[in-house]
Amino acid sequence: MMLLTLQRIPAFTTSLFCRCSSKVFQRHCSRMLSKKMTVSDALASKETGSNVRIQGWVRSVRPQKDNLFLHVNDGSSLQPLQVVAGSHLNTRCVFLIYPPFLSRDLTFGCAVDITGTLEKSPSKRQNVELQAQRIEVVGECNPVDFPFKIKERHSLEYVRQYPHLRCRTNAFSSLLRIRSEASTAIQSFFRDNGYVQIHTPVITSNDCEGAGELFQVEPAGDKNDSDDPNPHFFSVPAYLTVSGQLHLEVMAGAFSAVYTFGPTFRAENSQSRRHLAEFYMVEAEIAFTESLDDLMKVMENLFKATTEHVLSHCAEDVELFHKYMAPGHRDQVDLMLKRKFNIISYTEAIDILKSSSQNFTFSTEWGCDLQTEHEKFLVKHCGNVPVFVINYPYELKPFYARDNQDQPKHTAAAVDLLVPEVGELCGGSLREERLELLSQRLAQAGLKDTYEWYLQLREFGSVPHGGFGMGFERYLLCILGLHNIKDVIPFARFSHSCPL
Ligand code: 4AD
Ligand code: MG
C-alpha cells in the first residue's frame, strides 16, 4: 500500500504530526477531516471548497507537465470523477508521483482512496473535479496482466470471458445499474398496484410447466453412506423451480393479487442467445379475473412503467447502449412506449405466417408451437410494436391453462407477449378453475395424485384467476437492443458453462 501526501496539511494537523509522525496517524487525520462521498454524489455536489474522500478504481491516468489527471469510478455512475494532482504539489510529492510511481502503482484498474477538495472544474466536460491532497493506492493492478486495457472499447463477447472482472468495464457496470433500477421499478409497480410479494420456493417437488426441463436436487456426495432406504433427501424427487406459478396460485386464493420475482431454472440444453439455465422471472397471479384482457393490461402497464422508470433514472447508462451498441434503438423503445400493444389470436397469427412470402424453417400448420422466427416475423408484421398472441391450441398448453371449450379449433385461454428482436417476453394464461375439467385433464395426464393439493384449491373457494411470467433478462435485451442474454445477467449459467 502506498500513501502520498500531496499538499501541506492544515496547521492543526501538522502540529499533531509533530507529536506523532506515523503514516497511519496522518492518514487517520486526513480522513477524519474529509466527508466520504460516492463519485455520483461528488459529481452532483454544489459544495465546492469542501474536503471530501473518494474510494474507487482508476479508469484513466494522464500525466501532464504540471498536473496528473486521474479518472476515478466507484460504480455509482457511468461518468468518472476527474482527480487533479496539480502544480501546488511540493517537490517531494512531484518526485514521488512521476515516473517511478506511475509505472509501479498508480495504474489503470488500481484501487485508490483519495482525499482532497472539490473544486469547480475549468473544463466543460464536468462541473467539479477533485484537487487531491492525498492519494493512497489501496490495491495495485498490473496493467500488463489486467485483461482490460486503458482507452480500449472491448466487445461484449470479449468481456464475457471474464465474468469475475467484467463489472469493472463501463458497459457492464451500466448494465448492472440498469438491472438494479429495473428490478426496483418492478417491485414498485406491484406494490403501488396493491400486490403482495410472495417468496415462492426455489426447491419444489412439482414440474409446473411439464416440459421436463428440470434440475434435480439431492445432496452431493456418496449416498451409500446413509442407512436411509429412501434415496431422496426430501423423500420425494425435488427440483429447482421452473416457475413459481403454482405456489402463487395458492396465495392468490387468499391475497387476490400476488407476485414473485426470483431465480428460475431450466435444464435446457441450449446455447441459444435467448435461453439461460438460470434466469430471473417476474410472475403475477390475480384472482377474480375472467378475461385475458385484464392480464394483458397488467403486462403492458408493467412493461411501460418499468421502462419509463429506467429511462428516467438511468438515462446516461441507457444511452451508452443506445449510442454505441444498438444505434437507433431508442426510437424503437419510444415507439413501444407510445403505441398500444397489438392483440391477435393464434389462428390469425398462423394465417399471417402462411400468407407471407418468407420461407420458415419450422412448420406453420395450425397446432404447431410458434418458434422464434415466427415470433419475430409477427412483431415486424405488426409494425415493430409488441403483440399479444392469444388463444393457443389446447394441446400445446400445460394442464393448468383454461379450456376455451371451442370447436372445431380447440383452444386454451393462454397468451404470449412478443416483442421486437427478442420474440417471446411473457407467457401467461387464465387458469382452469373448474374442478371437474381440471380433474379430468390431470387424470388424462396421470397426474391426479401428484396434484391433489392443486385440485383442493378448486374445491375450497375457487375463483376465476390468471397470471403471467416475464423473463427479466429478455426484458433487458428488449429495452437495451442487445442480442445475447449472457450479456444482461451478472453471472450467466448455461449448458457446459458455470465458471464461478
Ligand atoms: O412462458 P414460460 O415458460 O411461462 C411460465 O413459466 C408460466 N408458468 C409463467 C406464469 O404464468 N406464471 O416462461 C415465462 C417467460 C418467457 O416468456 C421468457 O421470457 C422467460 O420466462 N423464459 C426464459 N428466459 C431465459 N431463459 C430461459 N431458459 C427461459 N425460459 C423462459
Ligand atoms: Mg412460454
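Counting starts at 1 for both ligands and their atoms, following the listed order. When reading the values below, keep in mind they use all heavy atoms of this one structure, side chains included, and skip hydrogens, waters and symmetry mates.
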How does Phe265 reach ligand 1, by side chain, by backbone, by both or by neither, if only non-hydrogen atoms under 4.0 Å count? neither

Subset of ligand 1 atoms that lie under 4.0 Å from at least one heavy atom of Arg274: 25 (C), 26 (N)

Work out whether the distance between some heavy atom of Tyr400 and some atom of ligand 1 is less than 4.0 Å. yes

Among all protein heavy atoms, pick the one closest to atom 18 (C) of ligand 1 and tell me residue, atom and distance. Arg474 NH1, 3.6 Å

Stacked cation flag Arg402 on Tyr394, 6.0 angstrom / 45 deg: no

Identity and separation of the nearest protein heavy atom to atom 26 (N) of ligand 1: Leu276 N, 3.0 Å

Are Glu473 and Arg274 ion-paired here, with the side-chain N under 4.0 Å from a carboxylate O? no

Structural part of Ile485 in contact with ligand 1, heavy atom criterion under 4.0 angstrom: side chain

Would you mind listing which atoms of ligand 1 come within a distance below 4.0 Å of any non-hydrogen atom of Leu425? 16 (C), 17 (O), 18 (C), 19 (O)

Pick, from Arg266, Met281, Glu278, the option with the minimum heavy-atom distance to atom 3 (O) of ligand 1. Arg266

Which ligand 1 atoms are under 4.0 Å away from a heavy-atom of Gly427? 1 (O), 9 (C), 10 (C), 11 (O), 17 (O)

Ligand 1 versus Phe468: contacting region, heavy-atom distance under 4.0 Å: backbone

Val379 versus Pro420, closest heavy-atom pair with distance: CG1-N, 3.5 Å

Nearest neighbour of atom 11 (O) of ligand 1 from the list Arg431, Glu283, Glu285, Met470, on a heavy-atom basis: Arg431

Report the protein N/O/S neighbours of the Mg ion (ligand 2) that fall below 2.8 Å; do not count waters. Glu424 OE2

I'd like to know if the side chain of His374 and the backbone of Leu370 have a donor-acceptor N/O pair within less than 3.5 Å. no

Any N or O of Gly471 closer than 3.5 Å to N or O of ligand 1: yes

Among protein heavy atoms, which lies nearest atom 7 (C) of ligand 1, and at what distance? Glu209 OE2, 3.4 Å

